[in-house]
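Quick caveat, the model's predicted, so the values are computed rather than measured. All residue numbers in this chain count up from 1 along the given sequence.
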Amino acid sequence: MTIAALVAAKPLRMGASGDAVKQVQLALKSVGYALTGTGWFGPATDTAVETFQKRAGLYVDGEVGPLTGAALDLAVAGRAPVPAPAKEIGRPLWLEAGIKLIGTKEGTGSKDNPVIIDWAKDEGGDIAAEYTHDSIPWCALFANHILTKVGLKGTKTLWALDFAGNWPAMKLAGPAVGAFAPMKRTGGGHITVVVGKDQHGNVMGLGGNQSDAVNIEPFATSRLNQGFWWPKDVPSPPASQIGFNHLPVVRSDGRVSTNEA
């Protein structure tokens with residue numbers, strides 16, 4: 001049965017479960033998204049669906065209805081000009097989740113951005129208790145948030161340097177797209193996620209609290225001396241995708257990040 005037929009009577013969305021969800025997950029997996037057939041429509045499936053919808057030119061709502069189902073059927077059959085899936089361009093789901101948040105900024109003056117505050121509330125625990133204003137450095141909050149968004153565990157702390165192995169992670173031999181790259185800075189640390197390299201020889205990193213916003217900025221390779229880390233519950237990238245020489249080029253003006261406090 002096609003995905004479109006499975007969802008014709010009842011669209012699927014976050015929180016759904018059952019065989020229809022499993023079939024959607026397996027279909028997404030077949031076109032390049034890092035899912036398994038759990039049968040539960042959780043955060044990772046939601047992110048994969050939204051990413052697929054965006055690339056297919058569909059309305060992005062995270063819901064698998066007849067239109068998304070039909071587009072997915074065509075993609076599985078190889079009969080739709082859907083842009084390259086996650087597997088081909090090397091973007092893991094947490095990176096996709098983070099890219100969608102580019103442009104999120106701190107509030108103006110003494111005002112807090114409620115979106116950032118809500119991330120802390122969603123994390124709960126020490127993060128929710130300690131993070132009360134967006135003037136507090138929030139790079140680790142962002143990194144934890146994008147992991148939580150796709151159903152993975154992070155550090156559950158606001159300390160960026162905890163991403164240097166103090167979470168369920170494995171250390172890679174070098175940079176790879178999606179790897180978490182903690183680094184030291186004056187007065188503390190910073191955490192960014194590798195997106196690629198620029199034409200000037202810098203690593204391009206997606207992070208929060210980079211010039212008070214979520215964005216992609218260049219980082220000098222000399223700063224990235226705390227290792228490159230990957231969630232342990234996700235298969236590590238192949239050796240052919242690890243190392244500076246294997247990173248895709250993301251062009252920049254070459255002005256390296258200087259404000260991460």
key: Derivation of the side-chain contact (heavy atoms from CB on, under 4.5 Å) call for Thr148 and Asp122   = CA-CA 9 Å; Thr148 297; Asp122 291 343; 6.0 Å; no
Should the pair Glu260-Arg223 be classified as a salt bridge under the 4.0 Å nitrogen-to-oxygen rule? yes
Quiz item: Going by the angle between their ring planes, with limits at 30° and 60°, are His145 and Trp119 parallel, tilted or perpendicular?
Solution: parallel
With Trp167 as partner, the option from Phe180, Trp229, Trp230 fulfilling ring pair (Phe, Tyr, Trp, His ring centres under 6.0 Å) is Phe180
Item to complete: Say whether, by atom type as modelled, one donor and one acceptor occur between the side chain of Thr192 and the main chain of Leu206 under 3.5 angstrom.
Response: yes
### Query
Without hydrogens or angle criteria, can the side chains of Gln53 and Thr68 be said to hold a donor-acceptor pair below 3.5 Å?
yes
Quiz item: Do Leu152 and Val49 share a hydrophobic cluster (ILVMFWY, side-chain heavy atoms under 4.5 Å, transitive)?
Solution: yes
Point to revise | Cluster check Val60, Leu74: I/L/V/M/F/W/Y, side chain < 4.5 angstrom | key: no
* **Residue Lys100 excluded, over 12 heavy atoms near NZ under 6.0 Å** => yes
query: Are more than 12 heavy atoms from other residues, nucleotides or ligands located less than 6.0 Å from atom NZ of Lys54?
result: no
Query - Exercise: do Asp162 and Thr157 side chains pair donor with acceptor under 3.5 Å - result: yes
Side-chain (Tyr131) to main-chain (Trp138) donor-acceptor, under 3.5 angstrom
no
Closest heavy-atom pair, Ile116 versus Lys105, reported as atoms and distance to 0.1 Å, is CD1-O, 3.7 Å
inquiry  = Any heavy-atom pair between the side chains of Asn113 and Asp134 that's under 4.5 Å?
reply    = yes
dist Glu123:CD -> Asp126:CG (nearest 0.5 Å) comes out at 11.5 Å
Just by distance, no angles: are the side chains of Glu106 and Ser135 close enough, under 3.5 Å, to form a donor-acceptor pair? no
So does Ile3 get a backbone contact from the side chain of Asp73, meaning a donor-acceptor N/O pair under 3.5 Å? yes
- request: Starting from the C-alpha separation in whole Å, work towards a yes-or-no answer on salt bridge (charged side-chain N to carboxylate O under 4.0 Å, His left out) for Asp46 and Lys149.
  value: CA-CA 9 Å; Asp46 182 63; Lys149 178 68 176 172; 3.5 Å; yes
Asn144 side chain to Lys156 backbone, donor-acceptor under 3.5 Å: yes
Anything under 30° is parallel, anything over 60° is perpendicular, the rest tilted; go ahead and classify Phe219 against His190.
parallel
Any donor-acceptor pair under 3.5 Å linking the side chain of Asp112 with the backbone of Pro114?
no
Under the 6.0 Å and 45° cation-pi test, does Lys171 pair with Phe228? no
Please check if Leu72 and Leu67 belong to a single hydrophobic cluster, counting links between Ile, Leu, Val, Met, Phe, Trp and Tyr side chain heavy atoms closer than 4.5 Å.
no
Heavy-atom side-chain proximity of Val193 to Ile146 below 4.5 angstrom | yes
Between Met14 and Gly42 the two heavy atoms that sit nearest each other are SD-C, 3.5 Å
Review point. Under 4.5 Å between side-chain heavy atoms, hopping through other hydrophobics if needed: is there a path connecting Phe244 to Leu172?
Key: yes
State whether a side-chain donor-acceptor pair under 3.5 Å links Asn215 with Gln210.
-> yes
**OP:** Return yes if a side-chain donor-acceptor contact under 3.5 Å exists between Thr221 and Asn202, otherwise no.
**Re:** no
Item to check | In one Ile/Leu/Val/Met/Phe/Trp/Tyr side-chain cluster, 4.5 Å: Leu147, Val115 | outcome: yes
Heavy atoms of Leu28 and Ala48 approach each other most closely as CD1-CB, 4.2 Å
- Message: Looking only at side-chain N and O atoms, does Gln25 offer a donor or acceptor that is under 3.5 Å from a partner on Thr45?
- Response: yes
Check your understanding: Should Arg55 and Glu50 count as an ion pair when the cut-off is N to O under 4.0 Å?
Key -> no
